[in-house]
Every structure is written in C-alpha cells, then in structure tokens.
Peer 1: 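Input: one structure, supplied below.
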Amino acid sequence: MSRNQVAVVTGVIVRALAKRWADDNGLTRGQSVLLCWAAGALASVAVMHA
C-alpha cells in the first residue's frame, strides 16, 4: 500500500471516529462537519509527513 493510500484510509477512519464522537457529545451539524474535516485532514497530513 502506498503512502497516499494509507493517508486516505487513515483520513476516512479518523473522520468516522470524529463523527461518532461529535454525535455522542451533542455538537451541532456544522461543528461536526468542521471537526470531521479538520481531523481527517490532520491525520492525512501526519501520515504523509511521517
């Protein structure tokens, strides 16, 4: 698996976990979307620079 593929998969997993966390903690839809986007982007960047 290439580093790009790992970054994409990691981003998807982190977004799903962030969505679940946001739903469990009562965040609004906008806050949830922002959290999921940011978490996925940071995770992808972290994998690419590791």
Side-chain angles (χ1 to χ4, degrees):
M1 211 178 212
S2 75
R3 187 173 281 194
N4 283 344
Q5 290 171 320
V6 172
V8 169
V9 170
T10 302
V12 169
I13 291 169
V14 169
R15 282 184 188 100
L17 291 172
K19 170 107 175 69
R20 180 174 293 172
W21 184 88
D23 291 344
D24 290 345
N25 287 285
L27 272 65
T28 66
R29 178 163 169 75
Q31 290 170 328
S32 176
V33 168
L34 183 60
L35 174 67
C36 292
W37 177 85
L42 287 173
S44 294
V45 168
V47 168
M48 292 300 292
H49 291 285

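Residue numbers run from 1 in the order of the sequence given.
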Peer 1: My understanding is that only one of Ile13, Val6, Val12 makes a side chain to side chain contact (heavy atoms under 4.5 Å, CB included) with Val9; could you say which?
Peer 2: Ile13
Peer 1: About how many Å separate SG of Cys36 and CG of Asp23, when rounded to the nearest 0.5 Å?
Peer 2: 8.0 Å
Peer 1: So how far is it from Asp24 CG to Lys19 NZ, rounded to the nearest 0.5 Å?
Peer 2: 10.0 Å
Peer 1: Are Leu17 and Val47 linked, directly or through intermediate hydrophobic residues, by side-chain heavy-atom contacts shorter than 4.5 Å (ILVMFWY only)?
Peer 2: yes
Peer 1: What closest approach, in Å, do Met48 and Arg3 show between heavy atoms, and which atom pair accounts for it?
Peer 2: O-NH1, 3.2 Å
Peer 1: For the atom pair CG (Leu35) and OG1 (Thr28), what is the distance rounded to the nearest 0.5 Å?
Peer 2: 10.5 Å
Peer 1: Do side-chain atoms of Ser44 reach the backbone of Ala7 as a donor and acceptor pair under 3.5 angstrom?
Peer 2: yes
Peer 1: Could you tell me which non-hydrogen atom of Ala43 sits nearest to which non-hydrogen atom of Thr10, and how far apart they are?
Peer 2: CB-CG2, 3.9 Å
